[in-house]
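Accompanying notes for the structure given below.
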Amino acid sequence: MKEKCTIIGKTCPICNDVTSGIHYGIHTCESCKSFFKRAISFKKSPKFKCASSQGTCALSPATRSACQLCRFEKCIQAGMLPSLVRQRGERGGRAKLYLKC
DNA sequence: GACTCAGGGCCATGG
DNA sequence: CCATGGCCCTGAGTC
Ligand SMILES: [Zn+2]
Ligand SMILES: [Zn+2]
């Protein structure tokens, strides 16, 4: 290999920030990684409120911080897999799913 | 067997 | 004070 995926080093579709690599199935930044992990970790009462909780916001990179609900949904729509989030407390829980590049 | 790549945890800064 | 954003460590996966 060595060729890797040249797509690394771009920007994530969630916040348009610089990607740190592949996280949860797609190229995301550390911000989305932590936020997505937290969202799954919370997994409790849907505190993520929006304008009617419908998540019908613009879902734009500029308003990503506006509504956590929209941000979380955008992560899913981007292609992030919640199943890859370790909620058991294990660290190196690497997923078997790799991007086709 | 050693290096790489990715994920989870905890930290520091920002709102 | 809490949330966001980031860096660090551990661990699976690859070579
Ligand atoms: Zn991002
Ligand atoms: Zn919203």
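A note on names: the letters A, B, ... follow the listed sequences, proteins ahead of strands, and every chain is numbered from 1. All values below come from the heavy atoms of this structure, side chains included, with hydrogens, waters and symmetry mates left out.
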Shortest non-hydrogen contact from [X] toward [Y]:
{"X": "A/Cys75", "Y": "A/Ile14", "result": "CA-CD1, 3.5 Å"}
{"X": "A/His27", "Y": "A/Pro13", "result": "O-CD, 3.7 Å"}
{"X": "A/Ala39", "Y": "A/Phe72", "result": "CB-CD1, 3.5 Å"}
{"X": "A/Lys37", "Y": "A/Ser41", "result": "O-OG, 2.6 Å"}

Between [X] ([atom1]) and [N] ([atom2]), how many Å, whole number?
{"X": "A/Ile14", "N": "C/dT4", "atom1": "CD1", "atom2": "P", "result": "14 Å"}
{"X": "A/Lys37", "N": "C/dG6", "atom1": "NZ", "atom2": "C1'", "result": "11 Å"}
{"X": "A/Glu90", "N": "C/dG13", "atom1": "CD", "atom2": "P", "result": "11 Å"}
{"X": "A/Ile22", "N": "C/dT14", "atom1": "CD1", "atom2": "P", "result": "12 Å"}
{"X": "A/Arg38", "N": "B/dG7", "atom1": "CZ", "atom2": "P", "result": "18 Å"}
{"X": "A/Glu30", "N": "B/dG8", "atom1": "CD", "atom2": "C1'", "result": "11 Å"}
{"X": "A/Leu84", "N": "B/dG7", "atom1": "CG", "atom2": "C1'", "result": "9 Å"}
{"X": "A/Arg91", "N": "B/dT4", "atom1": "CZ", "atom2": "P", "result": "20 Å"}

Considering just the side-chain nitrogens and oxygens of [X], establish if one lies under 4.0 Å of OP1 or OP2 belonging to [N].
{"X": "A/Arg88", "N": "B/dG7", "value": "no"}
{"X": "A/Ser31", "N": "C/dG6", "value": "yes"}
{"X": "A/Tyr24", "N": "B/dC5", "value": "no"}
{"X": "A/His23", "N": "B/dG7", "value": "yes"}
{"X": "A/Gln68", "N": "C/dT4", "value": "yes"}

Proximity to the side chain of [X] - top-ranked nucleotide from [options]:
{"X": "A/Arg94", "options": "C/dC9, C/dT4, C/dG13", "result": "C/dG13"}
{"X": "A/Arg71", "options": "B/dA6, C/dT4, C/dT10", "result": "C/dT4"}
{"X": "A/Phe35", "options": "C/dT4, B/dC5, B/dG8", "result": "C/dT4"}

Assess whether one donor atom and one acceptor atom, taken from the side chain of A/Ser34 and the base of C/dG6, lie less than 3.5 Å apart.
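Yes, the side chain and the base share a sub-3.5 Å donor-acceptor pair.
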
Could you tell me whether the side chain of A/Lys33 has a donor or acceptor atom within less than 3.5 Å of a complementary atom in the base of B/dG8?
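For A/Lys33, whose side chain was compared with the base of B/dG8, there is a donor-acceptor pair (under 3.5 Å).
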
A/Thr19 side-chain N/O to A/Cys12 backbone N/O, donor-acceptor pair under 3.5 Å
no

